[in-house]
Amino acid sequence: MSEELKPCPFCGGEAILKRYVNGFNVWSEIMCDRCGVRQDSIVVGYYNDDEAAEAWNRRAGEKNED
């Protein structure tokens, strides 16, 4: 993963990367180790750590510099 994870936007807890494999697919998601909030990565489909981290670090109201 190329970027550092921001803390949880709800409680400030540490964000952790989880990687799942089900025999057919591999996907990544970020979740808070304190309050348990997590991305809905199965529906959205973050297939690598960088995509998941970018989505986690994006905050509502932040200006996108792209």
Peer 1: Which residues pass the salt bridge (Lys or Arg N to Asp or Glu O under 4.0 Å) test with Arg34, sequence neighbours left out?
Peer 2: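 Scan of Arg34 (salt bridge (Lys or Arg N to Asp or Glu O under 4.0 Å), adjacent residues dropped) gives none.
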
Peer 1: Measure the spacing between CD1 of Ile16 and CG of Leu5 and express it to the nearest 0.5 Å.
Peer 2: 10.0 Å

Peer 1: Nearest 0.5 Å, please: how far is CE in Met31 from CD in Glu14?
Peer 2: 12.0 Å

Peer 1: Between Asp33 (side chain) and Ala15 (backbone), is there a donor-acceptor pair under 3.5 Å?
Peer 2: no

Peer 1: Between Val26 and Arg19, what is the shortest heavy-atom contact and its length?
Peer 2: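 That would be CG1-CG, 4.1 Å.
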
Peer 1: Looking at Lys18 and Glu29, does any basic side-chain N land under 4.0 Å from a carboxylate oxygen?
Peer 2: no

Peer 1: Identify the two heavy atoms, one from Gln39 and one from Ile30, that lie closest to each other, and give their separation to 0.1 Å.
Peer 2: OE1-N, 2.8 Å

Peer 1: Enter the distance from Glu54:CD to Asn48:CG here, rounded to the nearest 0.5 Å.
Peer 2: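 It comes to 9.5 Å.
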
Peer 1: Could you tell me which residues satisfy side chain to side chain contact (heavy atoms under 4.5 Å, CB included) with Val37, sequence neighbours excluded, listed by chain and number?
Peer 2: Cys8, Phe10, Cys32, Cys35, Trp56

